Amino acid sequence: MADQDTGRRPKYRRIADELRTSIQEGRYGPGDRLPGENDLMEAYDVARMTARQALSVLRDEGLAEARKGAGVFVRAFRPIRRRGIPRLAQGHWGTGRSVWSADIEERDLVVDQLEIAEAPAPTRLAEALGVPDGSPLCVRSRRFVLDDKPVLLSVSYLPASVASGTPIATPDTGPGGMYARLAELGCKPAHFREEIRCRMPTADESERLALSAGTPVILICRTAFTEQGQAVELNEMTLDSGSYVLEYDFDA
């Protein structure tokens, strides 16, 4: 049987639409097993490839996930609500709390794949941080894993003249994290700028974030400035788009 009826959407798309509606209306809840390829072949009188494509659409949309040897299941989605403004308030890190405390409540967060190094600043980073080309930078690279799921890759760049020989250049930066330590060093962040864009992940990002096929990543580049306008940190973050809701709440 042909996969596409004349003048209509491909059959696999229509099957995916019906399954998506069933998920959205609660007929299949988080963790429920979806009909398999054999089930769809029988119910819709389609070829195996058509059934497979229909399920692939739901996986690519982040609604479903395949479990080896078990089938395809509705994804249990509990998003991280990244509160872009309150998470960076001094009231969080200035009182010893992590910026993540505004996002995850009591969920289990682990930081792994931590690497700390010193490297010369390429032109783009030198310009962003207002230092000469080739100036030494403290580089902190790490991965954030929430509830056993990798959700974020983060690399921070700071002038070595500020961070070298301080807790910022050690695995544990202490209560309040890096921004609290910068404040103690007389470089307290007073202003932040974030730039956001999306793209498809590299192979390395897909592997490190355990991304489902077709899942894009969100890129956030944040620069922290002192009251005098000196850039003291540039943080490049790569987020699993299927794990996040970006929230910005501010007065008109």
Side-chain angles (χ1 to χ4, degrees), residues 16 52-53 55-68 72-73 75-82 84 87-88 99-100 103-104 107-129 131 133-158 163 168-169 171 177-178 192-224 231 233-248:
R52 187 171 297 167
Q53 286 177 303
L55 293 171
S56 180
V57 168
L58 300 180
R59 292 199 304 272
D60 290 349
E61 292 177 352
L63 292 175
E65 59 184 0
R67 300 178 188 171
K68 189 173 182 179
V72 178
F73 295 78
R75 185 175 179 182
F77 179 55
R78 187 183 173 193
I80 304 166
R81 189 165 292 274
R82 185 182 188 274
R87 73 193 308 272
L88 294 174
V99 295
W100 277 80
D103 302 339
I104 64 172
R107 299 170 70 178
D108 184 28
L109 177 69
V110 174
V111 180
D112 67 5
Q113 298 185 6
L114 175 64
E115 296 181 6
I116 304 170
E118 195 166 288
T123 299
R124 69 177 185 88
L125 295 177
E127 291 178 350
L129 291 169
V131 298
D133 279 10
S135 296
L137 299 180
C138 174
V139 184
R140 291 182 58 90
S141 176
R142 59 269 195 212
R143 182 178 71 164
F144 292 82
V145 181
L146 186 66
D147 297 337
D148 297 321
K149 169 68 174 72
V151 294
L152 169 70
L153 307 175
S154 177
V155 184
S156 290
Y157 304 92
L158 304 94
I168 294 171
M178 189 185 311
F192 297 94
R193 181 179 65 227
E194 289 193 342
E195 299 174 353
I196 301 173
R197 63 187 180 95
C198 296
R199 61 164 169 76
M200 297 307 295
T202 65
D204 178 66
E205 290 165 345
S206 291
E207 180 179 356
R208 293 180 65 196
L209 289 172
L211 298 176
S212 301
T215 303
V217 290
I218 301 170
L219 305 178
I220 300 180
C221 180
R222 181 174 69 231
T223 309
E233 183 224 17
L234 186 141
N235 188 352
E236 295 182 330
M237 294 163 275
T238 305
L239 289 66
D240 169 13
S241 65
S243 296
Y244 278 87
V245 172
L246 305 185
E247 177 183 300
Y248 295 90

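Keep in mind that what you see is a predicted model, and the values were worked out from it rather than measured.
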query = Leu63 versus Arg75: any side-chain heavy-atom pair under 4.5 Å?
reply = no
When rounded to the nearest 0.5 Å, the distance separating CD of Glu205 from CZ of Arg199 is 4.0 Å
Val155 and Ser141 have their tightest heavy-atom pair at CG2-OG, 3.8 Å
| task | Verify whether one side chain among Ser154 and Arg140 offers a donor that lies under 3.5 Å from an acceptor in the other. | result | no
What one should report as the nearest heavy-atom pair of Ala231 and Ala128 is CB-O, 3.5 Å
In the structure I gave you, are the side-chain heavy atoms of Leu58 and Val72 within less than 4.5 Å of one another anywhere? no
Ser241 side chain to Pro216 main-chain N or O, any donor-acceptor pair under 3.5 Å?
yes
message: A side-chain contact here means heavy atoms from C-beta on lying under 4.5 Å apart; do Met178 and Asn235 qualify?
response: no
Are any of the side-chain heavy atoms of Val217 and Leu219 separated by less than 4.5 Å? yes
Output for pair (Ile80 CD1, Lys149 NZ), nearest 0.5 Å, gives 8.5 Å
Next on the checklist: Can you tell me if Glu207 has over 12 outside heavy atoms packed within less than 6.0 Å of its CD?
Outcome noted: no
- Would you say the side-chain atoms of Arg143 pair up with the backbone N or O of Arg208, donor to acceptor, closer than 3.5 Å? yes
Residues Cys198 and Ile218: closest non-hydrogen pair is SG-CG1, 4.0 Å
Q) For Asp148, does the CG atom sit with more than 12 other heavy atoms under 6.0 Å from it, leaving out its own atoms? A) no
Q.
Less than 4.5 Å apart, side chain to side chain, heavy atoms only: is that true for Thr215 and Pro201?
A. no
Rounding to 0.5 Å, atoms CZ (Arg142) and OG (Ser156) come to a distance of 3.5 Å
When you compare the side chain of Glu233 with that of Ile168, does any pair of heavy atoms fall below 4.5 Å?
no
So CD of Glu127 and CG of Leu234: to nearest 0.5 Å the spacing works out to 12.0 Å
CZ (Arg124) and CG (Leu129) are apart, to the nearest 0.5 Å, by 10.0 Å
Taken to the nearest 0.5 Å, the spacing of Leu209 CG from Leu239 CG works out to 8.5 Å
In short, Ala126 meets Asp133 closest at the heavy-atom pair CB-OD1, 3.3 Å
